[in-house]
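Treat the numbers as computed from the prediction; the structure is a model and nothing was measured.
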Amino acid sequence: MGIPLPEIAAPVVAFIELICGTLLILGLFTRPVGVLLAVDMIVALIAVHLPAGLWVGEGGYEFVAVLGVASLALALTGAGRFSLDGAFLRGRAPAWLS
């Protein structure tokens, strides 16, 4: 795929997608996790999917773009009251965290 330093990049991306995806589902550290996942999807879009076109059936960037935009939207809006951040911290967390 042409990603530089694949021995380092692959574990980092696997960690971000697995651990940060799980944290996002639980609603923990939503804003920083959303930013990490959005950056991950931007790199995947540019490095892998962009040359294949739009449609995901042909290896395109349709799904990657939706995931990136959704992650960015969660990073900008926060977790909300039904998240674990909202349940545990109840307004005591800094705005950039939840």
Would you tabulate the side-chain donor-acceptor contacts of residues 1-8 under 3.5 Å, counting partners in other chains and residues two or more places apart, or write 'none'?
none

Cluster overlap L84 with F29, hydrophobic side-chain contacts below 4.5 Å: yes

Any idea which heavy atoms bring G27 and S83 closest together, and the distance? O-CB, 3.5 Å

How long is the straight-line distance from CG of L72 back to CG of L37, given to the nearest 0.5 Å? 11.0 Å

Any link between F15 and L24 through a network of hydrophobic side chains (Ile, Leu, Val, Met, Phe, Trp, Tyr) touching at under 4.5 Å? yes

L76 and R31 have their tightest heavy-atom pair at O-NH1, 3.0 Å

Between side-chain atoms of residues 53-64 and protein atoms elsewhere (two or more places apart, or another chain), which donor-acceptor pairs fall under 3.5 Å?
unit_1	atom_1	unit_2	atom_2	d
E62	OE1	V56	N	3.3

Starting at CG of L28, measure out to CD1 of I19 and round the result to the nearest 0.5 Å. 12.0 Å

According to a hydrophobic-cluster definition based on side-chain heavy atoms being under 4.5 Å apart (Ile, Leu, Val, Met, Phe, Trp, Tyr only), do M41 and L50 belong together? yes

Looking only at non-hydrogen atoms, find the nearest pair between T30 and A79 and report the distance. OG1-CB, 3.1 Å

Heavy-atom pair of closest approach, residues L36 and C20: CD1-SG, 3.9 Å

Looking at V13, V12, L18, which one forms a side chain to side chain contact (heavy atoms under 4.5 Å, CB included) with I16? V12

